[in-house]
Amino acid sequence: MKKILIKNIKELVQVENTPKEKIVGKKMASLNTLKNAWLSIENGIITDFGEMIHWNGISDWSNLEVIDASEKMVFPSFCDSHTHLVFAASREEEFVDRIKGLSYEEIAAKGGGILNSAKKLQATSEYDLFETALNRLCEIQKTGTGAVEIKSGYGLSVEAEIKMLRVIQRLKKASPLTIKATFLGAHALPKEFKENRNGYIDCIINEMLPIIKEENLADYIDVFCEKNYFTPAETERIIQAGIKQRLTPKIHVNQFNSIGGIQVGINNNALSVDHLEVMTPTDIVDLKNSTVMPTLLPSCSFFLNIPYAPARALISNNLPVCLATDFNPGSTPSGNMPFILSLACIYLKMTPEEAIHATTINGAYAMNLSHELGSIAIGKKANLFITKKIPSYNHIPYAFGSNPVETVILNGVRY
Ligand code: NIG
Ligand code: FE
């Protein structure tokens, strides 16, 4: 297999000599980098790196591609641990309704929102869903994403939920990105179950989960724990059924209301609790006694014009923070991770160093991938990108809306 040597790297960002599974609290403020560096890749793996002044030259030129990265930086690929990027159609009519004054909740109550996406997805073929989702993966690859979690949850029937998960399974094979699949059957209550909540939950547990187990269609289980969606007790029942099928919980909580979802996540060893726009002091104290990764989705706040999550309070309480896009047609029609860095710095008041940890190693943790992704370390997968010529890494969040990525390398292959 081909080898790659990247030399004259202006700054090699997020290097680790002793790899850690996540970076927590105050430690998020300092970022390890090497200036004027080189990095070598073989068989899809990072084999070595160092400073140019200590470089011993090349002994074996066979099959070697040399990339000169003068004035450019190298980053580990972004790990986007929360998306819903399999969907049938965009929802810009709701966007216009919101401009005219309707809220996300009001739009959902009049039949828009998740139920609108489900109706469209049920009528779309597996092939078309696969094609459009693959295009979205190509798009996020260009802005530096190398690993992504994708949820079901726009099916809301046995047939359509399984269809979505099969699409994600096919994407895992077709895309060079590392992909994790999450079953989110409990994303909203389908209309036909309006008077029979338990009927739908029974359907998730007794009909969907056994097929998912049989076909090995998911890594995680998610529930939208929120007023008008699923209660903490219902969330607990669903994720416990998932845990029995070896699915780890990663749950939507505290987007609009703090109703106890965080505590359900903690008590059931969730890998992450995601959204957290609305947090009480108790929620933060409870998280401190857990291993759950708090995951913030600032482009959802930006797009829906809702409050931003209290990143500073989390970090000053010695908690880690992970940042993800939430790419979906309703609340975040974008999977752009450089834009997440900008929003994190501008609205969450995170420093660029904190935001880089939150989008790389902490994102990897929230997908159980820190052992192989999320930093530049010997033995990790060679998923990285080379930037355009930029003056400093601060330039990435600063130059919001532009794409800093010039060359993408995934599994040691250049794209
Ligand atoms: O994470 N909050 C729940 N689910 C998605 C939005 C779903 C939709 O509006 O289609 C989210 O924001
Ligand atoms: Fe989401």
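As the structure lists them, so they are numbered: ligands from 1, and atoms in each ligand from 1.
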Practice task
Determine which of the N, O or S atoms in H82 is closest to the Fe ion (ligand 2) and give its atom name.
Solution key: NE2

Handout entry: Backbone or side-chain N or O of S117 under 3.5 Å from ligand 1 N or O
Key = no

Exercise for the section: Answer yes if the side chains of T143 and N336 hold a donor-acceptor pair under 3.5 Å, and no otherwise. Expected result: no

Problem - Per-atom contacts, ligand 1 versus Y154 - under 4.0 Å to a heavy atom - result: 7 (C), 8 (C), 10 (O)

Problem - Side-chain donor/acceptor of K250 to backbone N/O of T248, under 3.5 Å - result: no

Problem - Identity and distance of the protein heavy atom lying nearest atom 12 (O) of ligand 1 - result: S331 OG, 2.6 Å

Handout entry: C300 near the Fe ion (ligand 2) via N/O/S, less than 2.8 Å
Key = no

Fill in the blank from the handout: One finds that the ligand 1 atoms under 4.0 Å from a non-hydrogen atom of Q255 are 2 (N), 3 (C), 12 (O)

Practice task
Restricting to N/O/S, name the atom of D326 that gets closest to the Fe ion (ligand 2).
Solution key: OD1

Exercise for the section: Could you tell me whether a side-chain N or O of E161 sits under 3.5 Å from a main-chain N or O of G153, the two making a donor and an acceptor? Expected result: yes

Fill in the blank from the handout: Looking at H252, the N/O/S atom that lies nearest to the Fe ion (ligand 2) is called NE2

Exercise for the section: Indicate whether any N or O donor in one side chain lies under 3.5 Å from an N or O acceptor in the other, for S375 and E16. Expected result: yes

Practice task
Look at ligand 1 and say whether E226 reaches it with a heavy atom at a distance under 4.0 Å.
Solution key: no

Practice task
Answer with yes or no whether Y104 contacts ligand 1, where contact means a heavy atom under 4.0 Å from a ligand atom.
Solution key: yes

Handout entry: Shortest protein contact, atom 11 (C) of ligand 1 (heavy atom only)
Key = D326 OD2, 3.1 Å

Exercise for the section: Indicate whether the side chain of Q14 and that of N32 have a donor and an acceptor atom separated by less than 3.5 Å. Expected result: no

Exercise for the section: Assess R170 against Y127: is NZ or CZ under 6.0 Å from the centre of the six-membered ring, and within 45 degrees of the ring's axis? Expected result: no

Fill in the blank from the handout: protein heavy-atom neighbour closest to atom 4 (N) of ligand 1 works out as H187 NE2, 2.8 Å

Practice task
Answer with yes or no whether the side chains of T47 and E42 bring together a donor and an acceptor at under 3.5 Å.
Solution key: no

Handout entry: Reference residue Y393; test side chain to side chain donor-acceptor pair (under 3.5 Å); the match among E353, E11, K10
Key = E353

